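Okay, structure first, notes after.
None of these values were measured; they are calculated from a predicted model.
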Amino acid sequence: MKTIRRWLRLCAFFGFQFGFVWPMMRWYWGVRFRRRHKVPLGPCIVVANHNSHLDAGVLMQMFPAWRMPHVHPVAAADYFGENAWRRMLSMAWMNAMPIERTAPPGKDVLQPMIDALAAGETLIFFPEGSRGEPGVVAAFRPGIGKIVKSVPGVLVLPVFLSGTERSMPRGESVPLPLGIDVNIGKPRTYSPLADARDIAEEIRNAVLALAPPPLPVPGPRPVPPIRIACCGIDGETNRALVLALTERLGASGSTIGFGETMLEADARGVREATRVPPAGSRAWPRLLAWAFRTGSIYRGDKFAEMVLRVRVDEALQDGRTARFVVSEGSPLVDLLAWAQADFYRGVFDEKGLQQILLYLSGQRKIPLGDWIGFIRKAPEVWLLNVFDLAHPQAPDVLVLTTIRPEAAMEKIRSRGRALEPHQHDAFLGELQDAYVEVAAVLRRRRVEVVDLSAEDLRLAESADSIDAACRRVALKGVETPAAG
């Protein structure tokens with residue numbers, strides 16, 4: 001009988017998680033997990049800020065399906081055990097572990113959690129005790145410190161949730177699709193000899209360190225960061241340049257690097273970025289990409305990722321987070337080059353490229369009479385412009401790397417992956433020509449362009465040239481080169 005009840009409970013749990021929670025998180029809220037690879041797959045305590053009933057469901061989705069039955073959100077027994085509906089929602093469908101917020105005499109309410117960790121389970125813990133005010137992280141109660149002291153060596157995973165306080169704040173019962181960001185920190189352990197309150201405070205500081213940059217306060221507007229984009233058909237070279245430039249420029253001021261992962265650098269060195277501005281939901285861009293059949297490198301999810309990247313870049317423009325922003329590629333430059341090489345097959349002249357540039361940057365709207373042509377040939381440009389999804393801007397410094405197409409193909413084949421339809425000598429040659437044309441257009445719009453050969457690249461010398469270009473931009477006081 002116990003086995004039957006266990007299987008029924010598992011069926012209810014997985015049915016709710018993958019029949020309702022997972023689709024809602026992915027398609028309705030567009031939850032974005034940052035550094036998901038850091039989530040331990042063994043026993044640990046996930047600790048996060050708490051503003052909404054959505055929080056536990058979001059954090060459950062960090063784990064693979066096989067681990068989820070061993071993950072237990074710690075829930076207030078007096079609230080979630082109040083009636084049959086809440087008990088079913090929390091205990092059967094969310095696999096929650098109840099905790100008494102007021103300890104009866106002689107009873108240790110933390111012991112079930114300590115026993116669960118010792119048995120290899122994972123806990124999701126909200127040490128604030130209850131949902132707090134949006135944007136405010138209250139003091140962590142010492143209970144989390146007592147649990148950590150009682151299970152020496154247990155991993156504690158700090159997480160900061162952004163967006164749940166807007167999607168479903170306290171007192172609201174109808175969630176809104178406003179986007180949720182889950183910023184995951186590095187798992188760590190704490191000395192069992194430390195005081196419980198000190199451990200709780202250290203864990204709170206680790207969670208707060210993952211919070212996105214605060215909104216600008218009234219006052220003089222800081223100077224926007226200098227943006228450097230490494231573009232061209234050789235992605236390997238562009239990635240190497242991003243890493244080298246992030247380290248080099250970080251010595252002069254705070255720097256954000258967009259590569260395979262998001263990096264931050266300063267005088268202390270280069271590390272994985274933690275304080276990333278929220279970018280909103282990807283659900284709407286993904287749906288539009290599917291409906292209007294975006295293609296090439298911007299098919300489906302890739303289009304949504306590009307939109308979110310532009311939004312992060314826009315958020316960084318307040319100048320408070322970074323002095324330099326270095327990126328592998330540029331949404332605006334890449335879109336222009338691909339439009340020229342793939343959709344229009346080189347028939348655009350400079351005037352046509354200038355027009356597309358204005359459409360992408362949001363300075364002009366695409367005329368109604370041109371909609372059909374754009375939907376057929378360049379739906380990405382049309383979606384960004386008509387639906388006002390994002391406004392990619394020209395970089396201040398464009399680093400254009402060139403390489404023989406056959407040499408680029410050798411690098412691509414050496415990875416051992418299946419080739420994409422566009423990965424052949426002829427198209428890569430056309431795409432490289434398109435990048436050169438785009439660079440010429442931007443150069444006339446006061447963008448600093450640094451030309452480099454990927455086949456004869458000296459990173460130190462190249463970094464010197466790009467650093468000098470950044471200094472020229474700083475002296476000119478250029479803020480939005482594409483508006484010139």
Between [X] and [Y], is there a donor-acceptor pair closer than 3.5 Å when you use the side chain of the first and the backbone of the second?
| X | Y | result |
| --- | --- | --- |
| Asn49 | Val137 | no |
| Asp55 | Ser52 | yes |
| Arg35 | Ala273 | yes |
| Asp388 | Leu384 | no |
| Thr255 | Gly253 | yes |

Ion pair [X]/[Y], N-O distance below 4.0 Å:
| X | Y | answer |
| --- | --- | --- |
| Arg299 | Asp301 | no |
| Asp396 | Arg472 | no |
| Arg404 | Asp425 | no |
| Arg471 | Asp467 | yes |

For the atom pair [atom1] ([X]) and [atom2] ([Y]), what is the distance rounded to the nearest 0.5 Å?
| X | Y | atom1 | atom2 | answer |
| --- | --- | --- | --- | --- |
| Leu308 | Asp313 | CG | CG | 12.5 Å |
| Phe14 | Phe18 | CZ | CZ | 6.0 Å |
| Ile45 | Leu155 | CD1 | CG | 9.5 Å |
| Glu448 | Leu398 | CD | CG | 10.5 Å |
| Met24 | Leu54 | CE | CG | 8.5 Å |
| Phe303 | Met306 | CZ | CE | 5.0 Å |

Are there over 12 heavy-atom neighbours, none belonging to [X], within less than 6.0 Å of that residue's [atom1]?
| X | atom1 | answer |
| --- | --- | --- |
| Gln423 | CD | yes |
| Arg36 | CZ | yes |
| Lys365 | NZ | yes |
| Arg415 | CZ | yes |
| Arg271 | CZ | yes |
| Lys302 | NZ | no |
| Arg364 | CZ | no |

Minimal non-hydrogen separation, [X] against [Y], with atom names:
| X | Y | result |
| --- | --- | --- |
| Val325 | Ala322 | CG2-CB, 4.4 Å |
| Pro285 | Val307 | CG-CG1, 4.0 Å |
| Phe63 | Pro40 | CE2-O, 3.6 Å |
| Ile144 | Pro127 | CG2-CB, 4.0 Å |
| Val154 | Cys44 | CG2-CA, 4.2 Å |

Exercise. For salt bridge (Lys or Arg N to Asp or Glu O under 4.0 Å), just list the numbers for Asp451 and Arg443, CA-CA rounded to whole Å, side-chain angles, deciding distance to a tenth of an Å, and then say yes or no.
Key: CA-CA 11 Å; Asp451 295 297; Arg443 185 180 274 116; 3.1 Å; yes
Does the side chain of [Y] come within less than 4.5 Å of [X]'s, by heavy atoms?
| X | Y | value |
| --- | --- | --- |
| Leu428 | Ile412 | yes |
| Ile366 | Trp371 | yes |
| Met68 | Asn95 | no |
| Pro405 | Glu430 | no |
| Leu360 | Asn385 | no |
| Asp464 | Arg248 | yes |
| Leu383 | Phe292 | yes |
| Leu452 | Leu400 | no |

Exercise. Mind running ring pair (Phe, Tyr, Trp, His ring centres under 6.0 Å) on Phe427 and Trp338 for me, showing each step along the way?
Key: CA-CA 10 Å; Phe427 179 74; Trp338 275 82; 5.2 Å; yes
Exercise. Return yes if a side-chain donor-acceptor contact under 3.5 Å exists between His391 and Glu314, otherwise no.
Key: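 No, because no side-chain N or O of His391 sits under 3.5 Å from a partner of the opposite role on Glu314.
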Quiz item: Could you walk me through whether Met262 and Glu272 pass the side-chain contact (heavy atoms from CB on, under 4.5 Å) check?
Solution: CA-CA 6 Å; Met262 197 166 179; Glu272 198 169 353; over 6 Å; no
Self-check item: side-chain contact (heavy atoms from CB on, under 4.5 Å) between Arg323 and Ser252, intermediate numbers included
Solution: CA-CA 9 Å; Arg323 182 181 174 189; Ser252 303; 4.2 Å; yes
Practice problem: Go through the steps for Met60 and Ile124 under the test side-chain contact (heavy atoms from CB on, under 4.5 Å), then give the verdict. | Solution: CA-CA 8 Å; Met60 288 284 288; Ile124 293 175; 4.0 Å; yes
Quiz item: Under the side-chain contact (heavy atoms from CB on, under 4.5 Å) criterion, do Val399 and Cys231 qualify, and how do the steps go?
Solution: CA-CA 6 Å; Val399 182; Cys231 299; over 6 Å; no
Self-check item: Within the 6.0 Å centroid threshold, strictly below: Tyr359 and Trp382
Solution: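 For Tyr359 and Trp382, the ring centres are not under 6.0 Å apart.
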